[in-house]
Amino acid sequence: MLAPSSTPAPVWRGELLDWYAATARDLPWRRAEFAADHGAWGTLVSEFMLQQTPVARVIPHLEAWLRRWPTPSAMSNATPAEVVHQWSNLGYPRRALWLHRAALEIVERHGGVVPRDVPALLALSGIGEYTARAVAVFHYGDRHPVVDTNTRRVIARAVDGRSQPGPPAKRDLARMAELLPDDVEESTIFNAAMMELGAVVCTARAPRCEVCPLASGCAWLTAGRPDTGDTRRRQARFEGSDRQARGAVLRALRTAEDHRRAADEVVADWPDPVQRDRAIDSLIADGPVAAVGGTLMLPR
DNA sequence: GACACGTGGCG
DNA sequence: TCGCCAAGTGT
């Protein structure tokens, strides 16, 4: 657990906590019954799905997933093909394979119980600085800084007076730690509230400063919302990309009978055959596709 | 630290 | 229409 900070509390902390208590969205993973029904596994699965995927798209998939595989042990008995298929169109199917591998690791190394320690969580497949602390904080209630894209944007604006955060950096964790309340239960709410504010008020494109609980204490708003530049890395174009080709190949296998197709029939009409072959090869290398002879399939 | 990695909604 | 954006991670 994290040691208390000696830095003074931000003036807006009380406003943020009050605002969260009054307006937080009623999301499935925030309900008491969700924790009661699914335990830390439910939180872990939700965080995997939420990596780079919008809340609204995750919700229906999460319920279905937990119904099918209610525990790490249950999922450890599934095949990679089953998890990739169940992952459906959530995107980044490698996350499904990582989640499956993490379930196996939880069974092997932790007796089927999702660990509480951040280092143990970090050692699991597909879990990084964000997800490890999200599980430790939002399920187990421990005191750690949780830093995601929302948190970084709120800190950039409210504390640093900048219009956009810089690219993610190791120092972000320490910045958040300085803001965290000493009280354990308050720190959990604070983590959630920073993310919530970034998600619904302090948004990337059109922040709603008129309704922001931090308004009077926000360095950026107080300075007149100056454009301080944007050093974030731009996403590569999707249309015509290898990612698009990979997505098309995998979709073809997901929707195919028995999850298999003859290799020369899969997206046979792809405009760039070289790119198509490269996509297939990289999917095989990454794991979500297996090749036997001339047949492509989801991996057994 | 930069890059690759899906999918789809929204302004 | 088209670029931006979404509770990131591994290499």
Side-chain angles (χ1 to χ4, degrees), chain A residues 24-25 27-30 42-62 84 87-99 101-102 121-139 144-154 164-173 176 188 191-200 202-208 230-255 267 275 278-279 281-283 285-289:
Chain A
R25 291 168 296 174
L27 301 174
W29 44 89
R30 288 177 178 167
T43 303
L44 184 56
V45 172
S46 72
E47 295 300 347
F48 262 87
M49 290 186 173
L50 287 164
Q51 292 170 2
Q52 295 284 282
T53 301
V55 165
R57 191 135 46 98
V58 164
I59 289 174
H61 287 280
L62 177 62
V84 169
W87 195 256
S88 184
N89 63 341
L90 277 172
Y92 291 148
R94 51 174 54 177
R95 288 181 295 161
L97 296 173
W98 287 337
L99 179 54
R101 201 176 310 156
L121 286 161
L122 277 172
L124 298 172
S125 296
I127 295 192
E129 302 284 10
Y130 166 77
T131 304
R133 289 176 179 77
V135 170
V137 168
F138 299 133
H139 180 77
H144 304 281
V146 179
V147 174
D148 77 334
T149 186
N150 295 303
T151 305
R152 293 192 307 100
R153 186 169 53 248
V154 172
Q164 296 289 351
K170 297 295 290 182
R171 177 160 166 63
D172 298 338
L173 269 179
M176 183 61 175
T188 299
N191 276 309
M194 289 286 277
M195 293 172 61
E196 182 78 355
L197 189 76
V200 305
C202 194
T203 54
R205 199 113 49 115
R208 303 166 56 210
D230 187 353
T231 57
R232 291 173 301 164
R233 203 164 49 78
R234 296 258 283 268
Q235 232 176 65
R237 182 181 181 81
F238 182 69
E239 192 66 29
S241 68
D242 284 14
R243 288 159 75 181
Q244 185 185 34
R246 289 168 53 108
V249 170
L250 210 47
R251 180 190 301 271
L253 292 180
R254 276 202 314 265
T255 57
V267 293
Q275 182 181 53
R278 188 167 61 236
D281 288 346
S282 72
L283 284 165
D286 282 0
V289 170

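What you are looking at is a predicted structure, and each value in this text was computed from that prediction instead of being measured.
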Rounded distance (Å) that lies between atom [atom2] of [N] and atom [atom1] of [X]:
X         : N      : atom1 : atom2 : result
Leu97(A)  : dC5(B) : CG    : P     : 15 Å
Tyr92(A)  : dC3(B) : OH    : C1'   : 11 Å
Gln235(A) : dG9(B) : CD    : P     : 16 Å
Arg95(A)  : dA4(B) : CZ    : P     : 19 Å
Asp286(A) : dC5(B) : CG    : P     : 8 Å

(request) Provide the start and end nucleotides, 5' to 3', of the part of DNA chain C that has atoms under 4.0 Å from heavy atoms of chain A. (result)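 Taking any atom under 4.0 Å from a heavy atom of chain A, the span is dG3(C) to dG10(C).
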
(message) Which is more 5' along DNA chain B, the nucleotide nearest Pro168(A) or the one nearest Leu250(A)? Just name the residue.
(response) Pro168(A)

(message) Taking the nucleotide of DNA chain B with the nearest heavy atom to each, does Pro93(A) or Ala169(A) sit closer to the 5' end?
(response)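 By nearest-heavy-atom nucleotide position, the 5'-most residue is Ala169(A).
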
(request) Please test Tyr92(A) against Gln52(A) for side chain to side chain contact (heavy atoms under 4.5 Å, CB included), starting from the C-alpha separation and ending with a verdict. (result) CA-CA 9 Å; Tyr92(A) 291 148; Gln52(A) 295 284 282; 3.8 Å; yes

Checking all strands, does [X] fall into the base, sugar-phosphate, or nothing category for heavy-atom contacts under 4.0 angstrom?
X         : answer
Leu27(A)  : base
Thr131(A) : sugar-phosphate
Thr151(A) : nothing
Ala134(A) : nothing
Arg233(A) : base
Arg153(A) : sugar-phosphate
Gly128(A) : sugar-phosphate
Arg152(A) : nothing
Trp87(A)  : nothing
Arg234(A) : sugar-phosphate
Arg25(A)  : base

(request) State which of dG11(B), dG8(B), dC3(B) makes the closest approach to the side chain of Arg251(A). (result)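 Output: dG8(B).
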
(message) Side-chain N or O of Asn89(A) versus OP1/OP2 of dG8(B): is the shortest distance under 4.0 Å?
(response) yes

(message) Could you check whether the side chain of Thr53(A) and the base of dG8(B) have a donor-acceptor pair of N or O atoms closer than 3.5 Å, going by distance alone?
(response)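 No such pair is found, so the answer is no.
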
(request) To the nearest 0.5 angstrom, please state how far the NE2 atom of His139(A) sits from the CG atom of Leu121(A). (result)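 The NE2 atom of His139(A) sits 11.0 Å away from the CG atom of Leu121(A).
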
(message) Working to the nearest 0.5 angstrom, can you tell me the gap between Arg133(A) CZ and Asn191(A) CG?
(response) 10.5 Å

For residues [X] and [Y], determine if any side-chain heavy atom of one lies less than 4.5 Å from a side-chain heavy atom of the other.
X         : Y         : result
Leu173(A) : Tyr130(A) : no
Trp29(A)  : Met49(A)  : no
Val45(A)  : Leu99(A)  : yes
Val146(A) : Met176(A) : no
Glu129(A) : Val147(A) : no
Ile127(A) : Leu44(A)  : yes

(request) Applying side chain to side chain contact (heavy atoms under 4.5 Å, CB included), name anything that partners Arg25(A), two or more places apart in sequence or on another chain. (result)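 Residues passing side chain to side chain contact (heavy atoms under 4.5 Å, CB included) with Arg25(A): Leu27(A), Arg30(A), Val55(A), Glu196(A), Ala199(A), Val200(A).
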
(message) Can you check the distance between dC5(B) and dA7(C), where both ends of the measurement are the P atom (answer in whole Å)?
(response) 22 Å

(message) Suppose you measure atom P in dG6(B) against the same atom in dT1(C); what distance do you get, rounded to whole Å?
(response)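 One P to the other, the span is 26 Å.
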
(message) On a heavy-atom basis, which atom in Ala279(A) and which in Ala245(A) lie closest, and how many Å separate them?
(response) CB-CB, 3.7 Å

(request) Could you identify which residues of residues 238-246 of chain A place a heavy atom less than 4.0 Å from some atom of DNA chain C, listed by residue number, or say none? (result)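 Going residue by residue through residues 238-246 of chain A, none turns out to have a heavy atom under 4.0 Å of DNA chain C.
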
